[in-house]
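Chain A is the first sequence line, chain B the second, and so forth, proteins listed ahead of strands; every chain is numbered from 1.
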Number of protein chains: 2
Amino acid sequence: MDVDAYLNQLKGQGLKLTGQRRSILGILLAENRYMSAKELMDRLQEEHPHISYDTIYRNLKVLRQERIVEESMFQDGSSRFRIRCRDPHHHHFICVQCGRTIPIESCPMELPFPVPDGFQVYSHRFDIFGECADCRGVTKPAPVSSN
Amino acid sequence: MDVDAYLNQLKGQGLKLTGQRRSILGILLAENRYMSAKELMDRLQEEHPHISYDTIYRNLKVLRQERIVEESMFQDGSSRFRIRCRDPHHHHFICVQCGRTIPIESCPMELPFPVPDGFQVYSHRFDIFGECADCRGVTKPAPVSSN
DNA sequence: ATCCTAATTCGGAATGATTCCGATTTATGG
DNA sequence: CCATAAATCGGAATCATTCCGAATTAGGAT
């Protein structure tokens with residue numbers, strides 16, 4: 001999927017296609033991994049020297065509402081953002097170094113455990129944190145990240 | 001397990017048994033659920049009107065290192081703390097209202113999925129967020145959830 | 001091409017959780 | 001009761017995130 005498809009979706013919602021918005025989308029699409037707001041800021045300043053965090057967070061929120069971006073709270077207490085996976089699964093191996101993600105081929109909700117009486121489930125999360133082959137400097141060929 | 005057992009463990013490490021430390025342990029043991037630093041502050045001020053956040057966080061860190069307390073990053077980006085479960089499992093239904101936890105009777109790591117080549121697993125997390133029967137004020141069985 | 005207006009951006013201030021720091025106090029072994 | 005390392009306190013600092021008011025801009029209508 002390319003930037004234009006997403007831009008069209010935004011336009012359809014009456015949202016404006018600003019340079020900042022294009023850049024945020026472009027970076028997230030190119031990187032295809034979890035990024036922090038600060039990482040985005042550093043990259044965005046190349047093209048938009050005066051961009052503010054407000055703009056970054058505001059756009060990330062819009063993109064999240066449009067289901068283009070997904071957000072995950074990391075262990076350090078800050079959010080990371082990435083282009084949303086098109087696949088239905090929602091779980092990843094996550095490299096704590098580079099933010100790369102690799103899909104997990106199953107979902108724990110498939111497991112047959114009992115839900116407590118009266119408990120209303122809203123959401124769940126399942127993530128496996130670690131270090132990817134590249135970041136570990138392992139000699140083997142690195143698995144290609146996707147999704 | 002009572003407060004004294006934990007206090008002995010701390011004493012064995014050359015740590016001092018201060019009133020603040022006792023109170024923190026006492027509250028966490030009595031509540032037996034995830035609590036925020038602020039919740040602890042509110043409760044602690046009853047006995048220690050001048051206690052500081054520094055003291056709370058410092059003690060929580062010590063207790064975590066002693067494996068007495070466990071910490072979990074919640075979705076709002078702030079940490080919650082609770083007395084560590086003695087059971088080996090580490091997954092919970094978590095009520096987003098009151099912080100109550102109910103153990104999940106399985107662990108997703110039992111599932112047979114492949115680990116990517118060269119990926120070194122450090123940790124994983126699996127939590128199911130929702131609302132418990134008490135907080136929902138339910139008398140009846142709950143509707144079935146999804147996801 | 002120009003206008004209009006809602007959407008967006010900007011910079012800086014505000015917020016909230018958490019940590020740091022220097023000065024002071026305290027638990028505990030001897 | 002002393003010595004001293006451990007712990008506390010209050011307030012300042014930090015970091016991620018949000019808020020706000022004023023200024024700018026994208027995009028449809030004229």
Side-chain angles (χ1 to χ4, degrees), chain A residues 3-4 6-25 34-66 68-69 71-81 99, chain B residues 3-4 6-27 34-66 68-69 71-81 99:
Chain A
V3 187
D4 289 330
Y6 290 116
L7 293 177
N8 284 333
Q9 177 183 342
L10 294 176
K11 190 182 298 187
Q13 299 294 315
L15 297 168
K16 292 182 177 177
L17 306 188
T18 66
Q20 293 86 337
R21 197 160 274 171
R22 291 169 195 272
S23 295
I24 289 171
L25 257 180
Y34 277 117
M35 301 183 75
S36 65
K38 180 170 189 317
E39 275 183 296
L40 283 168
M41 170 59 88
D42 291 343
R43 289 285 302 279
L44 285 163
Q45 282 182 326
E46 297 168 12
E47 292 190 49
H48 308 278
H50 295 284
I51 196 169
S52 73
Y53 275 107
D54 189 58
T55 297
I56 295 174
Y57 282 110
R58 187 168 14 78
N59 277 304
L60 288 170
K61 177 179 285 186
V62 166
L63 293 173
R64 193 156 45 78
Q65 289 165 340
E66 288 297 316
I68 291 172
V69 158
E71 176 177 4
S72 179
M73 180 59 61
F74 272 34
Q75 300 154 115
D76 68 353
S78 69
S79 286
R80 306 296 159 92
F81 306 87
Chain B
V3 187
D4 289 330
Y6 290 117
L7 293 177
N8 285 333
Q9 177 182 342
L10 293 176
K11 192 183 296 185
Q13 300 294 315
L15 298 168
K16 292 182 176 176
L17 306 187
T18 66
Q20 293 86 340
R21 199 161 274 169
R22 290 169 196 272
S23 296
I24 289 171
L25 257 179
I27 293 170
Y34 277 115
M35 300 182 75
S36 66
K38 181 170 188 318
E39 276 182 296
L40 283 167
M41 170 58 90
D42 292 343
R43 288 286 301 279
L44 286 163
Q45 282 182 325
E46 297 168 12
E47 291 190 50
H48 308 277
H50 294 284
I51 196 169
S52 72
Y53 274 107
D54 190 56
T55 296
I56 295 174
Y57 282 110
R58 187 167 16 76
N59 277 304
L60 288 170
K61 178 180 284 185
V62 167
L63 293 172
R64 192 157 45 79
Q65 289 165 341
E66 289 297 316
I68 291 172
V69 158
E71 177 178 3
S72 179
M73 181 59 61
F74 272 35
Q75 299 154 118
D76 67 353
S78 69
S79 287
R80 306 296 160 93
F81 306 86

Note, A:Gln13 side chain near A:Val62 side chain (heavy atom, < 4.5 Å): no
Whole angstrom value for the distance that separates C1' of C:dG16 from CE of A:Met73: 13 Å
Relative to the 5' end of DNA chain D, which residue comes earlier, B:Gly14 or B:Pro49, by the nucleotide with the nearest heavy atom? B:Gly14
Using a heavy-atom cut-off of under 4.0 Å over every strand shown, decide if A:Ser36 touches base, sugar-phosphate, or nothing. nothing
Heavy atoms under 4.0 Å, any strand shown: does B:Arg21 hit a base, just sugar-phosphate, or nothing? sugar-phosphate
Round to the nearest Å and state the distance from B:Lys11 atom NZ to D:dA7 atom P. 14 Å
If you check every side-chain atom of B:Arg58, which of C:dT28, D:dT8, C:dC10 has the closest atom? D:dT8
Any B:Thr55 side-chain N or O less than 4.0 Å from OP1/OP2 of D:dC9: yes
Quickly work out the A:Leu60 CG to D:dA16 C1' distance and round it to whole Å. 13 Å
Do A:His48 and A:Thr55 come within less than 4.5 Å of each other through their side chains, counting heavy atoms only? no
Quick check: do B:Leu10 and B:Glu66 have side-chain heavy atoms less than 4.5 Å from each other? yes
Check this one for me: any side-chain N or O of B:Ser52 less than 4.0 Å away from OP1 or OP2 of D:dG11? no
Looking at A:Gln20, I'd like to know whether one of its side-chain N or O atoms comes within less than 4.0 Å of OP1 or OP2 on D:dT25. no
Of B:Arg22 and B:Ala37, whose closest DNA chain C nucleotide lies nearer the 5' terminus? B:Ala37
I'd like to check A:Val69 versus A:Ile24 (side-chain heavy atoms, cut-off strictly below 4.5 Å). Are they in contact? no
Over how many whole Å does the gap from A:His50 atom NE2 to C:dG12 atom C1' extend? 14 Å
Less than 3.5 Å apart, any donor N or O on the side chain of B:Asp76 or B:Ser78 sitting next to an acceptor on the other? yes
Could you tell me whether A:Asp54 contacts a base, only the sugar-phosphate backbone, or nothing, with contacts defined as non-hydrogen atoms closer than 4.0 Å? base
Write down the distance between CD1 (A:Ile24) and C1' (C:dC10), rounded to a whole number of angstrom. 13 Å
Remember a base hit wins even if backbone is also touched, and classify A:Ser78 as base, sugar-phosphate or nothing at under 4.0 Å, heavy atoms. sugar-phosphate
Send over the distance from B:Leu15 CG to C:dG29 P, rounded to a whole Å. 12 Å
Atom pair distance, as rounded to whole Å: CG in A:Leu44 and P in C:dT8: 16 Å
Please report the distance, rounded to the nearest Å, between NE2 in B:His48 and P in D:dC9. 8 Å
Donor/acceptor link under 3.5 angstrom from B:Lys16 side chain onto base of D:dA5: yes
